[in-house]
Amino acid sequence: MKILIVEDSEDLQEALREGLHRSGFAVDVASDGTVGLSYARNGHYEVIVLDLMLPGIEGLQLLREYRAHGG
C-alpha cells in the first residue's frame with residue numbers, strides 16, 4: 001500500500017513515515033500543500049494523511065482541488 005503524508009512538522013513527519021515504513025507501507029512525504037497536491041495528482045496513493053494547517057495551500061483547499069480534478 002502506498003501512503004502520502006502531507007505534514008509540515010518535521011518531527012511528526014518522521015515519526016509517521018518511520019512507523020508506517022516499519023509496518024511495510026511505501027511512504028512519500030510532502031512538507032507543504034503545493035508539493036502535496038502535486039504528489040497526490042501524480043502518484044497513486046491508497047491513503048493520504050493530510051494536515052489542515054500547511055504552508056502554500058492549506059489542507060482543505062488541497063483536498064478540494066484534488067477532488068475537483070478526479071482524485
Original post:
For residues 45-59, which residue pairs qualify under side-chain hydrogen bond (donor to acceptor under 3.5 Å, both in side chains), counting only residues two or more places apart or in two chains?
Top reply: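 side-chain hydrogen bond (donor to acceptor under 3.5 Å, both in side chains) check on residues 45-59 returns Asp28-Tyr45.
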
Original post:
Do Leu63 and Leu50 have side-chain heavy atoms sitting under 4.5 Å apart?
Top reply: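 Result yes, sub-4.5 Å side-chain heavy-atom pair found.
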
**OP:** Would you please name every residue forming a side chain to side chain contact (heavy atoms under 4.5 Å, CB included) with Ser9, sequence neighbours left out?
**Re:**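 Expected list: Glu7, Asp11, Leu12.
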
**OP:** Using side chain to side chain contact (heavy atoms under 4.5 Å, CB included) as the criterion, list what pairs up with Val29, not counting sequence neighbours.
**Re:** Ile5, Gln13, Arg17, Val27

Subject >> Nearest atoms (heavy-atom pairs only) where Leu4 meets Ala40 >> reply: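 Heavy atoms only, the tightest pair is CD2-N, 3.8 Å.
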
Original post:
Where is the tightest heavy-atom contact between Thr34 and Gly56, given as atom of each residue plus distance?
Top reply: OG1-CA, 3.8 Å

Original post:
How long is the span from the OG atom in Ser23 to the CE atom in Met1, to the nearest 0.5 Å?
Top reply: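 Rounded to the nearest 0.5 Å, the OG-CE separation comes to 11.5 Å.
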
Original post:
Among pairs that include at least one residue of residues 30-40, which meet salt bridge (charged side-chain N to carboxylate O under 4.0 Å, His left out), considering only residues two or more places apart or in two chains?
Top reply: none

Original post:
Are more than 12 heavy atoms from other residues, nucleotides or ligands located less than 6.0 Å from atom OH of Tyr66?
Top reply: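 Check passes, neighbour count above 12.
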
Original post:
salt bridge (charged side-chain N to carboxylate O under 4.0 Å, His left out) with Arg41: which residues, sequence neighbours excluded?
Top reply: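 Salt bridge (charged side-chain N to carboxylate O under 4.0 Å, His left out) list for Arg41, sorted by chain: Glu65.
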
Original post:
With sequence neighbours left out, what residues match Arg67 under salt bridge (charged side-chain N to carboxylate O under 4.0 Å, His left out)?
Top reply: none

Subject >> Transitive ILVMFWY cluster of Leu52, excluding itself - 4.5 Å side-chain cut-off >> reply: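 Leu52 shares its hydrophobic cluster with Leu60.
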
